[in-house]
Structure formats: C-alpha cells, structure tokens
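Below you'll find the structure, written out as structure tokens, and then a few comments.
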Amino acid sequence: MSFFPNTTSSYLIFFLTGVPGLEVAHAWISIPFCCLYITALSGNSMILFVIITESSLHEPMYYFLSMLSTTDLGLCISTLVTMLGIFWFNARQISFHACVVQTFFIQLFTVMESSVLLAMAFDRFIAICNPLRYATILTDSRIVKVWFAILFRGTVVLMPLVLLLQRLSFCQSHVLHHSYCFHPDIIQLSCSDNKINSVLGLTALIVTAGVDSIFILLSYILIIKTVLSIASPEERHKAFSTCISHIGAVAIFYIPLISLCFVHRFGKRAPPYVHTLRANVYLLIPPVMNPIIYSVKTKQIRMAIKKVLFPKRAEI
C-alpha cells in the first residue's frame with residue numbers, strides 16, 4: 001500500500017482499480033463489458049426513439065418508461081469512460097474533482113431510477129385500482145412535474161454528500177477499489193473524521209431507495225388485493241400481465257443492490273475481484289435488462305421497434 005502526504009483537493013489524484021489479480025486479462029475482460037455497454041446504450045436509445053416517434057405510445061405508462069431509459073443511459077455514460085479506459089489503456093488516474101463529479105452522477109441516476117420505478121408503480125396502481133380516473137390523474141403536465149420532482153429530489157438529497165467530500169483530507173492510500181468513483185470508497189480513504197459523510201450516505205440511501213421500495217411494495221399489495229377481487233380469471237390474468245415488466249425492472253434493480261450490500265458486509269473473505277466484478281455488473285444489469293424486458297413483455301413496444309427496424313414489413 002502506498003502512502004502520500006496530506007494533499008489538498010485541488011491537487012489530489014486518485015487511482016482507480018480494474019479487476020485485482022486479473023490485470024493481464026483486462027483486454028479480454030473488456031469484451032463482455034463492451035457488449036453490455038453496447039446493448040444498454042442501443043437498447044435504451046431505441047426505447048426512447050420509438051416512444052418519441054410513435055404517437056400510439058404517447059401515454060403515461062410509456063412516458064415513465066422513457067424516463068427509465070433516460071436514467072439508464074445516464075448511468076451507463078457515467079461509468080463508461082473510466083471503466084473502459086482502465087481495461088483498454090490502463091488509464092487509472094482521476095482528479096479529485098472529476099471523481100466527485102462522477103460520484104454525484106452515478107448516485108443521482110441511481111436515485112432517479114429508484115424514483116422512476118416508484119412512479120411506474122403508482123401508474124400501475126392507478127391503472128388497475130382506479131382505471132376510470134387514470135386519464136384525469138396522470139395528465140401530461142403532471143407527468144412533467146413528476147420528472148422534475150424526481151430530478152430535484154435526487155439533487156437535493158445528494159448535493160450535501162458531494163459538498164462534504166470537500167472537507168475531507170487524504171493522507172494515506174489514494175487507491176480506490178473500483179473502476180469508477182464510489183462514495184463509500186472515497187470516504188474510507190480519508191484520514192480525517194468521516195462519520196458525518198458515512199451517516200449522510202446511509203441516510204440518503206434509506207430516504208431514497210429504502211422509502212421507494214416500501215411504497216412500491218405497498219402499491220403491489222393494493223394491486224394484488226384489487227386484482228384478486230376480480231371475478232373473471234381472464235381479467236385477473238390481463239391485469240397482472242400489465243405489471244410483469246415493471247416487476248422485472250424492480251427485481252433487477254433491487255436484487256443486485258441488496259446482494260452487493262451483502263457481499264460488502266459478509267463477503268470480506270472473498271477474493272478482491274469478486275467485489276469489483278459484482279460492483280461493475282451491478283451498475284450495468286438494469287440498463288442492459290430493462291429494454292430487453294420491456295421489448296419482450298410489452299406488445300406495443302415490440303411492435304413499434306419492429307416498425308422502426310423493418311418498415312417494409314410493417315406496411316404489409
């Protein structure tokens with residue numbers, strides 16, 4: 001472990017880490033990651049394009065899906081440069097300010113994704129439990145307000161975390177344990193008192209993803225209660241089928257998040273590359289899988305994509 005004198009944030013340089021113990025294989029490891037990035041970027045861009053261009057998809061459900069694709073694109077772009085820079089060029093150095101900016105955007109898009117999933121749960125709740133008022137409740141203007149509220153919430157919650165990083169001093173190792181800047185990783189390297197940073201980081205996680213998950217669970221309890229009261233099995237199946245894609249999106253967001261927390265908490269004896277690969281994959285799973293899930297499970301999205309990719313067949 002290398003040690004450095006106390007350095008001010010203006011001149012501080014961090015060193016990112018690829019996959020510990022597998023540095024010689026970085027070129028090969030980059031291949032699946034490149035495939036994941038290409039899939040995520042192209043898939044979410046396609047979802048956004050068809051929702052914008054296809055007038056039949058100008059409905060609340062698909063507006064929320066476009067928000068999800070936007071956050072997924074932001075999450076991919078936030079990590080793409082540093083991750084592939086390490087794998088391809090061994091570009092490990094990153095300045096303190098650039099690191100703070102990357103940390104902010106990674107956490108912002110993560111919080112926004114959680115918020116969008118909650119908004120989509122509310123959308124399904126209204127559609128199933130109060131369908132007659134669906135169009136009057138989820139108007140275009142209210143959906144725009146929801147988007148700005150999601151952005152505002154994430155910024156307000158995370159800005160104190162970013163500002164408080166400026167007060168930390170770093171006099172020991174400057175080597176981070178991931179291929180991107182991660183808030184808990186940064187504060188662990190500090191040689192000053194980081195209790196406030198740690199508490200605020202945990203609080204931000206609880207008031208965002210924690211609270212969102214509780215309300216998502218509550219909304220589905222009410223949805224299930226409403227669906228089970230429907231007499232017709234066909235109608236029950238139809239109602240549940242409209243929620244399948246959203247349930248899948250919730251699962252691929254929260255399950256990797258929980259598993260990552262367990263690995264960091266109880267997997268200290270695991271090889272270092274397990275933690276690194278788990279952290280890298282965690283940020284890529286939702287952006288990669290969400291377009292696939294909605295393309296496979298949502299007929300309207302699937303038809304719109306076919307119309308874009310095969311316009312001559314769509315005219316027949």
Side-chain angles (χ1 to χ4, degrees), residues 1-4 7 11-45 72-110 113 165 170 172-190 252-253 255-257 259-292:
M1 181 181 293
S2 54
F3 291 86
F4 301 83
T7 311
Y11 304 99
L12 181 60
I13 297 294
F14 284 129
F15 296 88
L16 300 171
T17 301
V19 183
L22 299 177
E23 288 82 1
V24 295
H26 273 180
W28 293 104
I29 294 173
S30 70
I31 295 175
F33 278 100
C34 283
C35 293
L36 290 174
Y37 273 116
I38 291 171
T39 302
L41 293 173
S42 59
N44 286 289
S45 298
D72 282 338
L73 283 172
L75 201 56
C76 280
I77 295 171
S78 298
T79 61
L80 185 148
V81 175
T82 55
M83 194 177 295
L84 294 185
I86 290 173
F87 289 148
W88 288 350
F89 309 109
N90 196 32
R92 298 180 57 207
Q93 294 188 27
I94 184 170
S95 69
F96 174 80
H97 294 298
C99 196
V100 169
V101 170
Q102 186 183 44
T103 298
F104 173 75
F105 280 107
I106 289 174
Q107 291 190 293
L108 176 64
F109 287 117
T110 302
E113 178 138 354
L165 286 175
F170 301 85
Q172 297 181 356
S173 173
H174 294 174
V175 179
L176 298 170
H177 297 98
H178 298 87
S179 52
Y180 52 85
C181 294
F182 192 44
H183 181 264
D185 204 9
I186 296 174
I187 64 175
Q188 286 176 5
L189 294 182
S190 172
I252 64 174
F253 177 79
I255 291 176
L257 175 61
S259 66
L260 182 63
C261 293
F262 271 98
V263 168
H264 279 286
R265 184 76 176 90
F266 303 107
K268 295 180 179 179
R269 295 183 179 179
Y273 64 83
V274 172
H275 298 274
T276 303
L277 289 175
R278 175 78 67 172
N280 290 344
V281 171
Y282 154 68
L283 290 179
L284 279 173
I285 287 179
V288 169
M289 293 303 300
N290 283 334
I292 296 174

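On a predicted model such as this, the values are computed, not experimentally measured, just so you know.
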Test item: [X] and [Y] side chains (from C-beta on) under 4.5 Å apart, heavy atoms:
X: Phe253; Y: Asn290; answer: no
X: Ile13; Y: Phe96; answer: no
X: Phe87; Y: Ile29; answer: yes
X: Cys34; Y: Leu84; answer: yes
X: Ile255; Y: Ile285; answer: no

Which atom names give the shortest non-hydrogen contact between [X] and [Y], and what distance separates them?
X: Phe14; Y: Leu189; result: CE2-CD1, 4.1 Å
X: Pro286; Y: Ile252; result: CG-O, 3.6 Å
X: Thr39; Y: Cys35; result: OG1-O, 2.7 Å
X: Leu16; Y: Arg92; result: O-NE, 2.6 Å
X: Phe170; Y: Ile186; result: CE2-O, 3.3 Å
X: Phe33; Y: Leu284; result: CD2-CD1, 3.6 Å

Residue pair Leu73, Phe109: steps toward the side chain to side chain contact (heavy atoms under 4.5 Å, CB included) verdict: CA-CA 9 Å; Leu73 283 172; Phe109 287 117; over 6 Å; no

Side chain to side chain donor-acceptor pair (under 3.5 Å) contacts in which one or both residues fall within residues 13-31, not counting sequence neighbours: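 Non-adjacent pairs meeting side chain to side chain donor-acceptor pair (under 3.5 Å): Ser30-Trp88.
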
Approximate separation, where rounding is to 0.5 Å, of Gln188 CD and Leu176 CG: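 Gln188 CD to Leu176 CG: 10.0 Å, rounded to 0.5 Å.
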
Spatial distance of atom CG (Leu108) from atom CG (Leu75) [nearest 0.5 Å]: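 If I round to the nearest 0.5 Å, the distance is 10.0 Å.
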
Verdict with reasoning, Leu283 to Met83, per side chain to side chain contact (heavy atoms under 4.5 Å, CB included): CA-CA 11 Å; Leu283 290 179; Met83 194 177 295; 5.8 Å; no

Would you list the atom pairs, donor with acceptor, under 3.5 Å between side chains in residues 98-106 and any protein atom, with sequence neighbours excluded?
residue	atom	partner	partner atom	Å
Gln102	OE1	Cys181	N	2.9
Gln102	NE2	Ser78	O	2.8
Gln102	NE2	Thr82	OG1	2.9
Thr103	OG1	Cys99	O	2.9
Thr103	OG1	Cys181	O	3.4

Donor-acceptor contact below 3.5 Å, side chain Asn44 vs main chain Pro287: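 Judged by distance alone, yes, a pair lies under 3.5 Å.
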
Residue list, ring pair (Phe, Tyr, Trp, His ring centres under 6.0 Å) with Tyr282, at least two apart or on another chain: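 Tyr282 satisfies ring pair (Phe, Tyr, Trp, His ring centres under 6.0 Å) with no other residue.
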
